[in-house]
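First listed ligand is number 1; within each ligand, the first listed atom is number 1. Because the structure is predicted, anything quoted here is derived from the model rather than measured.
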Amino acid sequence: MTTMMRAALLVGSLFVHKGLSQGLTTTTIPWVGSSTTSTTITPCTGPATVVIQTPLPVPTCPTPIKPTPCGVLPDCKAEGLNIDYYHNPVGGYSSGNVPSSYYITEGLTPLDSSLTNITFFPQDIAPINPERETNGGIIVNANNFTLVYSGFYRAPATGVFNICSSADNENDIFFGRGNAFNCGTGEPSPDEQPLVISRGGNYVNPDSCVDVYLVEGAYYPIRNVMGNWAGPSAFRFTIRAPNAQQPTNDFSGSVYPASCTWFF
Ligand SMILES: *[C@@H]1O[C@H](CO)[C@@H](O)[C@H](O)[C@H]1NC(C)=O
Ligand SMILES: *[C@@H]1O[C@H](CO)[C@@H](O)[C@H](O)[C@H]1NC(C)=O
């Protein structure tokens, strides 16, 4: 399709233009028919293209999900997200036989817990060390572990936010009231389905993303469940705020621990 045809398709009108060698002439005639057609005519002065497009093409923009925020304790401080390290005897959820909710349904107690503003640790390579550092100073068994990052994200603006993650081997993003956890109890439900699942391995960890519409100053519950099995691991969770140049995995000042949940 030529640029001119594309332009014509966007406007949904009749365009006539001559070849560039003759200079460009555009004639626009509103069209109210009911069919789409395209043809080329060759007037005496040289080639020209006629595009007739109707009805007007309405661009189909994906509607962003609108997660619901939670109320939080009024004196809450941006101390970071909770990061909890769990035993992972079964490997990556991407191995297919275990849902990422296993740590809830099995009632597991974290092996270690901390706070972090950072949701990134780099890919390590084989042959791996028996341990590796992740976030919040948490050191894990490099071969098999699950990390849960949970808490609140305070939206710094109103608009569409792009949320992404990549992982070796898997990260499940739960976001918003109910999906991440219950606003009243702070408890996650094993029945919730992740908004986005990222899977990787063999040093290839593609980003999986979702757009959400958030309101400035509201506190949105977040829960990332990241799992690794069989050696090398990597993780990144990012948010790109409206008008932000780049996505970020450093949430200093904008994330709050799950203990900010207001029991009311
Ligand atoms: C990882 O798996 C080994 C067995 O391969 C097991 O001994 C260890 O407890 C597991 N560690 C964690 C943190 O799940
Ligand atoms: C996160 O960032 C805030 C604001 O800079 C800071 O007060 C807090 O101590 C940080 N938390 C961690 C775990 O680094």
Sub-4.5 Å side-chain heavy-atom contact between [X] and [Y]:
{"X": "Phe237", "Y": "Ile173", "answer": "yes"}
{"X": "Phe145", "Y": "Ile138", "answer": "no"}
{"X": "Gln123", "Y": "Pro232", "answer": "yes"}

Exercise for review: List, by chain and number, the other hydrophobic cluster members for Leu115, where Ile, Leu, Val, Met, Phe, Trp and Tyr join if side-chain heavy atoms come within less than 4.5 Å, directly or indirectly.
Suggested key: none
**Study point:** Ser114 side-chain N/O to Ile83 backbone N/O, donor-acceptor pair under 3.5 Å
**Key:**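 Side chain of Ser114 to backbone of Ile83, a donor-acceptor pair under 3.5 Å: no, none is there.
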Exercise for review: Measure across Lys77 and Pro257 and return the closest heavy-atom pair with its distance rounded to 0.1 Å.
Suggested key: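 Taking every non-hydrogen atom into account, O-CD, 3.6 Å.
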Inventory of protein N or O atoms under 3.5 Å from ligand 2 N or O:
from: ligand 2; atom 1: 2 (O); to: Asn117; atom 2: ND2; distance (Å): 2.4
from: ligand 2; atom 1: 11 (N); to: Glu79; atom 2: O; distance (Å): 3.0
from: ligand 2; atom 1: 11 (N); to: Asn117; atom 2: ND2; distance (Å): 2.9
from: ligand 2; atom 1: 14 (O); to: Asn117; atom 2: ND2; distance (Å): 3.3

